Visitor: 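I am attaching a structure below and will ask some questions about it afterwards.
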Amino acid sequence: MIPVQPDRFLENLHTLRQFGASGVGKGVVRPGFSDPDIAAREWLAAQYAEAGLTAQFDPVGSVWGLAEGPSLLIGSHSDSQPEGGWLDGALGVICGLELARAARESGGPAISAVSFQDEEGRFGVTTGSRIWSGATDLAAADGLEDVTGVTFADARARMRHLAGDFVDPARFTGFLECHIEQGPWLDEAGEAVGVVTDIVGIRDMRITFTGEQNHAGTTPMHRRKDPVQAMARFQGLIADRFRNVVTPQTVWTSGHVEVHPGSHSIVPGRCTFSMQWRDGEKDRLDRMEQIIRDAAGEVAEAGGFGLTTSDLIALEPVPMDAGMQAALAEAAEAVAPGRWRRMQSGALHDAASLARLMPVSMMFVPSIRGISHAFEEDTAEADLVAGLQVMARAVARMV
Ligand code: HGY
Ligand code: MN
Ligand code: MN
């Protein structure tokens with residue numbers, strides 16, 4: 001087992017939390033390419049160098065701590081959602097730092113560390129690792145825009161002074177990511193570890209209904225073309241039609257809605273909303289897409305609305321490497337006998353991007369009350385340390 005130092009690990013987790021601390025609980029505001037995100041990445045680079053690793057930024061802002069020769073890659077992401085928790089991604093990044101450092105200190109296996117950029121998808125979905133793994137073309141990604149219209153090219157230009165080359169994926173023997181569960185199951189069962197079997201697939205797009213902007217007081221209801229009403233009808237229609245397609249694990253969300261011009265006294269002319277859905281089965285994701293497209297077309301046709309849809313982002317479900325899963329399971333039983341389970345990940349992770357290049361695996365630690373993507377996100381420190389110890393044991397069987 002790699003002789004990790006839990007106190008140093010916890011201290012680094014709390015230091016990382018300070019970059020973009022929200023002032024509410026332990027929450028953070030550290031979106032990709034923001035000032036706190038860049039500062040956090042520069043701090044990580046210094047930590048990697050201090051640990052004896054070669055620190056390197058790549059052209060999209062991911063930051064690497066590289067061991068010589070072939071190595072196991074351990075990490076995650078240090079950017080956050082617009083309102084994020086202190087552990088989402090950060091846990092895996094600091095696990096990578098601690099394991100890489102402790103391995104070097106003890107003459108152990110070669111371990112490299114990474115914090116991928118924009119996993120939280122300010123510009124898409126797991127953008128930094130998808131570009132690095134070749135799943136997304138950099139030139140195409142440069143045209144992606146965030147909800148304020150900033151392009152990926154403009155955002156990454158903020159880190160141009162740090163950027164080096166892309167790291168060669170061939171130097172890594174596999175990828176291991178430790179992450180908070182971001183759901184309720186481990187916490188409710190009083191379990192300490194989740195060994196991830198697979199990561200669900202995801203589909204993500206924007207839909208725009210265009211109606212007729214008008215006066216909110218003088219326009220009779222029966223003569224309106226209100227795109228917010230169209231969206232409401234659409235949401236009801238897909239919920240009905242999904243009933244005989246989905247399972248209790250299937251999810252769909254419209255997390256961002258933009259109403260133009262956004263005044264209390266104006267019947268809006270345009271409504272653009274995000275449409276995201278996730279499931280463990282590709283064909284179910286495809287069937288849901290057809291239902292979504294048909295329902296949007298019917299609502300537009302029936303109400304005389306304009307309808308446009310953005311390009312679709314599609315990531316397929318990804319199985320975790322069986323051998324690495326076995327190593328994690330054995331380590332979990334050693335560290336938390338009888339208090340672990342195998343489970344699917346309903347959240348997306350950088351591991352999903354890397355699975356096309358190398359064997360990948362993930363493990364979870366509990367999220368208190370299952371809360372994540374919120375300032376209240378938290379995990380007991382004993383569970384954080386247990387997760388590190390599972391990783392330290394499992395790695396010994398992976399290299
Ligand atoms: O949305 C996700 O699943 C990830 O946490 N970004
Ligand atoms: Mn994450
Ligand atoms: Mn997240």
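The analysis underlying the following values was restricted to heavy atoms, covering all of them including side chains, and did not include hydrogens, waters or symmetry mates. Just so you know, these numbers come straight off a predicted model, no measurement behind them. Each ligand, and each atom within it, is numbered from 1 in the order the structure gives.
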Visitor: Taking N, O or S atoms only and a limit of 2.8 Å, check whether His77 reaches the Mn ion (ligand 2).
Guide: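 A backbone or side-chain N, O or S atom of His77 is under 2.8 Å from the Mn ion (ligand 2).
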Visitor: Distance only, no hydrogens: is a donor on one side chain within 3.5 Å (strictly under) of an acceptor on the other, for Arg206 and Ser310?
Guide: no
Visitor: Counting non-hydrogen protein atoms only, what is the nearest one to atom 1 (O) of ligand 1? Give residue, atom name and distance.
Guide: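 Closest protein heavy atom to atom 1 (O) of ligand 1: Arg278 NH2, 2.8 Å.
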Visitor: Using distance alone, determine whether Gln81 and ligand 1 share an N or O pair under 3.5 Å.
Guide: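 In fact, backbone or side chain, Gln81 has no N or O that close.
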Visitor: The Mn ion (ligand 2) is nearest to which N, O or S atom of His179?
Guide: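 The closest N, O or S atom of His179 to the Mn ion (ligand 2) is NE2.
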Visitor: For a side chain to side chain contact (heavy atoms under 4.5 Å, CB included) with Ile199, tell me which candidate from Glu177, Arg278, Gln344, Met320 qualifies.
Guide: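 Only match with Ile199 under side chain to side chain contact (heavy atoms under 4.5 Å, CB included): Met320.
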Visitor: Answer yes or no for Asp88: is there an N/O/S atom below the 2.8 Å cut-off from the Mn ion (ligand 2)?
Guide: yes
Visitor: Below the 3.5 angstrom mark, is there an N/O of Leu348, backbone or side chain, next to an N/O of ligand 1?
Guide: yes
Visitor: Short list, please: which atoms of ligand 1 are under 4.0 Å from a heavy atom of Ala347?
Guide: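 Those of ligand 1 that fall under 4.0 Å from Ala347 are 3 (O).
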Visitor: Is it the case that the ring center of Tyr48 lies less than 6.0 angstrom away from the ring center of Trp43?
Guide: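 Ring-ring flag for Trp43/Tyr48: false, centres at least 6.0 Å apart.
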Visitor: If the threshold is 4.0 Å, N to carboxylate O, is there a salt bridge linking Glu316 and Arg203?
Guide: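 Arg203 and Glu316: salt-bridged.
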Visitor: Tell me, do Leu384 and Leu10 make a side-chain contact under 4.5 Å, heavy atoms counted?
Guide: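 Yes, at least one pair of side-chain atoms sits under 4.5 Å.
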Visitor: Can you tell which of His77, His179, His349, Glu119 gets a heavy atom nearest to atom 4 (C) of ligand 1?
Guide: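 Closest candidate by heavy-atom distance is Glu119.
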Visitor: With a 4.0 Å cut-off on heavy atoms, does His373 reach ligand 1?
Guide: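 Within the 4.0 Å threshold, so yes.
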Visitor: Taking backbone and side chain together, does Glu120 place any N/O/S atom at a distance below 2.8 Å from the Mn ion (ligand 3)?
Guide: yes
Visitor: Just checking, any donor-acceptor pair under 3.5 angstrom between side chains of Gln117 and Arg41?
Guide: yes
Visitor: Below 4.0 angstrom, N of the basic side chain to O of the carboxylate: do Arg369 and Asp378 qualify?
Guide: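 So Arg369 does not pair with Asp378 through a salt bridge.
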Visitor: In terms of relative ring orientation, are His14 and Trp86 parallel, tilted or perpendicular, with 30° and 60° separating the classes?
Guide: parallel
Visitor: Any atoms of ligand 1 less than 4.0 Å from a non-hydrogen atom of Glu120? List them with their elements.
Guide: 4 (C), 5 (O), 6 (N)
